[in-house]
There are 2 protein chains.
Amino acid sequence: MGTAERKERDRQEMRQIILDAAQRLFLDEGYEHVTIRRIADKIEYSPGTVYLYFKDKDEILCALQEIGFAEFYRRQQILSGIKNPAEKLRAHGRVYIQFALENPELYDLMFIIRAPMNSHPKDTEWEIGMRSLNVLRENVQECMKANFIKVGSVDAISFGIWSLVHGMVSLIIRERIPMIPAEHRTAFVEESLDFVLAEILEKN
Amino acid sequence: MGTAERKERDRQEMRQIILDAAQRLFLDEGYEHVTIRRIADKIEYSPGTVYLYFKDKDEILCALQEIGFAEFYRRQQILSGIKNPAEKLRAHGRVYIQFALENPELYDLMFIIRAPMNSHPKDTEWEIGMRSLNVLRENVQECMKANFIKVGSVDAISFGIWSLVHGMVSLIIRERIPMIPAEHRTAFVEESLDFVLAEILEKN
DNA sequence: TTATTCACTAAACTATGTTCAGTAAATAAT
DNA sequence: ATTATTTACTGAACATAGTTTAGTGAATAA
């Protein structure tokens, strides 16, 4: 009697349908327009139904966050083709910035918005974020091994570089830096990034 | 007949009473607990009254933002006592970080939250933010004149440094970096800052 | 054929920002 | 001093959120 299995499949399918609707809403109209009622409208069910598949709104946002991190991680992986660690670190920064500026709403959800973090138990590590940070840490470590960076702790340097790119894109996303016209943004941001990385990476 | 003048005084007084209530609510209980109804409760008026003195909630948040920027600017001014531009730049970073970590809710409102920016007309410059950025730009310019920094544009470097400190504190405030225990935060953040600034500032 | 479980909905509850008709007091006009 | 008008304020309401729940009809099990 495979009814239980089929039920579970149906359940997962419905979860996916809800997530797809939420994602399209999110990407098309932005975070603030993602409401339970609009998700329900989109899938042609009542709002209450959504709660049969997700505990609350945060759980949905969390799932979308994971989708974002999957894509983010995928892009990070492409960097492993670059052999020179200094080159790789520069490319790393560019990939980060590109992802953020191409997917501002998603980046917002992943790294800025408070909401979806509520679902993570407070004392637990934020694993999904840690995974991406580790890729950066390995890159920094390679740079140190290859003597492109000679002083400082891996953690402090990684945090510094991450903060630099995060700071740049989040100032832009949250519109705290209207001095750059939109069409020059990428160029300007990469100029700042290149400058700082050039100072950090010793010229061998 | 000074009734009109008195009325205007009363009006400003009432605005101040509302702002004080909002600020206390904001600092004591955080952004999410600042509601029109709770402000009204606190001053013992009805919610509607608040709208006789402020156009909407954003206008109140904007006013609180200005209060934050006033304090922020005041702290920046203290730096003018430091003569060595490189020293000053390092102190500048520390002042920034200290302000943010001591007043996370206020910092959030000033540099992270979307809401209060809606009040600013889209095409206008964000003057109050620009003022603080200019202090940094002058500091960077001094560093270049004194040959502590030899290459790069003032704008790109200032933006880079600002982004670095903003990135660090906003990752912390929005809990994207649980790897640092709270009691080591300031030390760790300053270690990262010192590292980057040491690389940027040439050793004369 | 009957009993039970299940998926779903409509409606309600709480809380938010915001608006508005009405009221009583302060002010101005007569 | 009396009347008219303006003003400051309130209570109730509206729209929109997230979320919960009683009830219903269909699918499943007995």
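Labels below follow one simple rule: chain letters A, B, ... track the order of the sequence lines, proteins then strands, and each chain is numbered from 1. Computed from a predicted structure; not experimentally measured.
Regarding A:I43, its CD1 atom lies at a distance of 9 Å from the P atom of C:dC8, rounded to whole Å. Atom C1' of nucleotide D:dT28 and atom CG of A:D10 are separated by 14 Å, given to the nearest angstrom. With rounding to whole Å, B:E44 atom CD is found 15 Å from D:dC9 atom C1'. Distance A:R37 CZ to C:dT16 P: 16 Å, rounded to the nearest Å. The CG atom of A:D41 sits 12 Å away from the P atom of D:dT16 (whole-angstrom rounding). The distance from atom CD1 of A:I39 to atom P of D:dT16 is 17 Å, rounded to the nearest whole Å. The nearest whole Å value for the distance from the CZ atom in B:R15 to the C1' atom in D:dA8 is 16 Å.
Nearest heavy-atom pair across B:V135 and B:H92 is CG1-CE1, 3.8 Å. Annotation for B:R75 and B:N103: closest pair NH2-ND2, 3.8 Å, computed over non-hydrogen atoms.
Aromatic ring orientation, A:W162 versus A:F159: perpendicular (interplanar angle above 60°, classes split at 30° and 60°). B:F72 and B:F69 have perpendicular rings, their planes meeting at more than 60° on a 0 to 90° scale where under 30° would count as parallel.
Screening A:T35, A:I39, A:D41 against A:R37 for a side-chain contact (heavy atoms from CB on, under 4.5 Å) leaves a single residue, A:T35.
Side-chain nitrogen and oxygen atoms of B:R38 include none within less than 4.0 Å of the OP1 or OP2 phosphate oxygen of C:dT16.
Of the residues in residues 49-63 of chain B, those with a non-hydrogen atom less than 4.0 angstrom from any atom of DNA chain D are B:T49, B:L52, B:Y53.
Within the 4.0 angstrom heavy-atom criterion, no nucleotide atom of any strand lies near A:R11.
Checking A:Q16 against A:Q12 by side-chain atom types alone, no donor-acceptor pair falls below 3.5 Å.
Mapping B:R6 and B:E32 onto DNA chain C via the closest heavy atom, the residue that lands nearer the 5' end is B:E32. Two residues, B:I36 and A:K7, neighbour DNA chain C, and the one matched to the more 5' nucleotide by heavy-atom proximity is A:K7.
Ring to ring, B:Y73 and B:F99 are not that close: their centroids are 6.0 angstrom or more apart.
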